[in-house]
2 protein chains.
Amino acid sequence: MRHVAALAGVGIKTVSRVMNEEPGVSESTREKVLLASKQLNYELDVTAGSLRRSSRRTQTVGLLLPSVSNPFSAEIHRAMEDALSLKGVAVFAASLDDEPEREEAMVRAFLGRRVDGMVLTPIASNQAHVIPEHSRDLPVVFIDREPAGLTADAVVTDNAVGGAKAARHLFDVGHRKIAYLGDRTDIQTARERRRGFIDALGELGVSTASVPVRENLHDVESARLAAVEILTSSDPPTALFSSQNLVTFGCMRALRELGLSHTVALVGFDDFTLSDMMDPGVTVIAQHPEKIGALAAERLMARIEGDIQPPKTYIIETTLIIRGSGEIRPAS
Amino acid sequence: MRHVAALAGVGIKTVSRVMNEEPGVSESTREKVLLASKQLNYELDVTAGSLRRSSRRTQTVGLLLPSVSNPFSAEIHRAMEDALSLKGVAVFAASLDDEPEREEAMVRAFLGRRVDGMVLTPIASNQAHVIPEHSRDLPVVFIDREPAGLTADAVVTDNAVGGAKAARHLFDVGHRKIAYLGDRTDIQTARERRRGFIDALGELGVSTASVPVRENLHDVESARLAAVEILTSSDPPTALFSSQNLVTFGCMRALRELGLSHTVALVGFDDFTLSDMMDPGVTVIAQHPEKIGALAAERLMARIEGDIQPPKTYIIETTLIIRGSGEIRPAS
DNA sequence: TTGAAAGCGCTAACAC
DNA sequence: GTGTTAGCGCTTTCAA
């Protein structure tokens, strides 16, 4: 900045004014400064400025995801980037891999970079470790799951209603015996999906005790095995509801293997690429990661800009997408 | 840091030494400082430190991708993160959406944050805009495509050899009339894939002039239409080679529509999720984004740490993955 | 082994 | 409309 000032023949503060587009600079000096900065290829140092700036803002936020390469997370990331880059805010992203230690380590890493706020997918059983920061006024917005151990804004999918939608849809098609294949029961979202699904069946008059349930399925292979087992049991269900993508893939494999793809109905929670290219197309309860990301970004920026309304959980609805697999009627 | 020093009853420099794990501090004072920093929940400010540090490093790098939500890019991102987080380096990612103006804008945004280096997927026809920075010693590594207008490290897929592998595989299965369906011809990688494919066919004795070619297909629908047109022509090919995912999806749609999924062979360039769940499974020439990301991170760090060997292009080989669609034999 | 002083690039406060 | 000075949190240099 000193060099630019020297070259333009002005004071350093004038350069600062021009680079920050502050008013009170004559057009002619503005042009001199701009020319000099062009010549020297000068770019304002955002972080150095934040040191002295009264707001102390670094125009940077942290985003903690299960993995930047997970499609659901990546959509959220993209939506946030779109909202934030407009405001000149850059995003640090980190992958947590379901490891609580990484959650804490990455929070610390971002704190060390003085982010203005964070959007966090909670992994640890408890987010008490961010309490000191949060109470020190560092804005934190949680996504996908609500935090435990502190109150803060959260943006989550309506998992229970999503599960209920699946139940009602399959019921409407005529199914009465529908199996639930679910993820690890220590995952809050999985429990919610199951609860919504089972409760809805109960309300529809199905005996909830007789619903076949297989849980703690966390990959394609375990889901496939569970589905095969259920489908080859003595009184098999006429439809399956799977609580997440990998489980859905396992169910698809099992159905294909057993030649039941067009006989047993399937509804999956969470949409995926090529779901419409399968045979039959896979009916899903779609989440809306782009909405989650956009809203999380909006809330975070509002907090950073001083919004002090009480913390709130924002709930994003799911959408039933009909593609064929969920519309297969029971034999009989 | 002043507060920690006061609480620990030491000088500010001693706190700095402890936080940076510098030698020359007695164990007892070290513990006093650590305790005080714990109590005050203090975290060293990485960026403020970089201001005065002789290396001027911010422990931050920029990553410019087509889109953080594109699966290929997301894998690269993840691989880079894995390599860099070990070294305490954080990653800013940005999506360029094939827009040259965004490429330049994001480069500037990252420069303003004083990144130690950048990994860039070039979009613009020419990367001359990073020359001033690059010649000022800012390390830049290009991925996926080689840069134009300057020489720098690059990590790219061996597109030509990948195309040739597809040609040879289909030839070996017995095909002599194989169509090429490709992306926009202004994309370097697409041209390379085509060149490798056509040249290999020529070497195998196939008249290259008679190879059906459809290019400038950039989405599923245009690819589907082109495939339908080719497959319903008077002298249709017995196999298809598609140059990227969306084109592959379009071909799959067309084959399904025409009832040719098990009659006409298909090899796609670039692997995708669920390729093994299709009917038939889709044979592909797989790229290795995780290798590209890991190598790009390694080269970038080497440059940042002072490596001054001449710039080099690193080539990552592809892998043929056999899943069924590419092994369908020609009729007759 | 420890600390005081200067200064990194910038903005705030205030003077001109 | 413009410039000077102090100081943000830190590391460097150098003295104790």
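Below, chains carry the letters A, B, ... as their sequence lines are ordered, and counting in each starts from 1.
OP1 or OP2 of C:dT2 lies within a sub-4.0 Å distance of a side-chain N or O belonging to B:T29. Contact annotation: B:T14 side-chain N/O to C:dG3 OP1/OP2 distance is under 4.0 Å.
If you measure from atom CD of A:E43 to atom P of C:dG9, you get 15 Å, rounded to the nearest angstrom. Atom-to-atom, CG of B:D45 to C1' of C:dC10 comes out at 14 Å; the value is rounded to the nearest Å. Atom CZ in B:R2 sits about 16 Å away from atom C1' in D:dT11, given to the nearest Å. Rounded to whole Å, the distance from CE on A:M1 to P on C:dA12 is 11 Å. Rounded to an integer number of Å, the gap from CZ of B:R113 to P of C:dG9 is 18 Å. Atom-to-atom, CG of A:L111 to P of D:dG9 comes out at 16 Å; the value is rounded to the nearest Å. Note: CZ (B:R57) to P (D:dT12) measures 13 Å, nearest angstrom. Across the protein-nucleic acid pair, B:Y42 atom OH and D:dG9 atom P stand 9 Å apart, rounded to whole Å.
Nearest-nucleotide positions on DNA chain D for B:S16 and A:R52 put A:R52 closer to the 5' end. The nearest heavy atom of DNA chain C to A:I12 and to B:S26 marks one nucleotide each, and the one closer to the 5' end goes with B:S26. Each of B:L51 and B:E22 was matched to the nucleotide of DNA chain D holding its nearest heavy atom; the match closer to the 5' end belongs to B:L51.
With C:dG9, D:dG9, D:dT12 as the candidates, the nucleotide lying closest to the side chain of B:K13 is D:dT12. For B:N20, taking side-chain heavy atoms from C-beta onward, the closest of the listed nucleotides C:dT2, C:dC8, D:dT11 is D:dT11. When the nucleotides D:dC8, D:dG3, D:dT4 are ranked by their closest atom to the side chain of A:R56, D:dC8 comes out on top. The B:V10 side chain lies nearest to C:dG3 when the options are D:dT12, C:dG3, C:dT11.
Taking the six-membered ring where the residue is Trp, A:H77 and B:H77 present tilted rings, their angle falling between 30° and 60°.
Ion pairing of B:D153 with B:K312 is absent here, as no side-chain N (NZ or NE/NH1/NH2) approaches a carboxylate O to less than 4.0 Å.
Looking at heavy-atom distances under 4.0 Å, A:S50 makes no contact with the nucleic acid at all. Heavy atoms of B:T47 sit nowhere under 4.0 angstrom from any nucleic acid atom.
With 3.5 Å as the limit, one finds a donor-acceptor pair spanning the side chains of A:R78 and B:S67.
With hydrogens and angles ignored, a donor-acceptor pair under 3.5 angstrom links the side chain of A:R17 to the base of D:dG3.
For B:T60 (side chain) and B:A90 (main-chain N/O), no donor-acceptor pair under 3.5 Å exists by modelled atom type.
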Next on the checklist: Quick one, B:R299 with B:E305, criterion salt bridge (charged side-chain N to carboxylate O under 4.0 Å, His left out). Give me CA distance, side-chain angles, the key distance, then yes/no.
Outcome noted: CA-CA 10 Å; B:R299 291 313 309 153; B:E305 283 157 8; over 6 Å; no
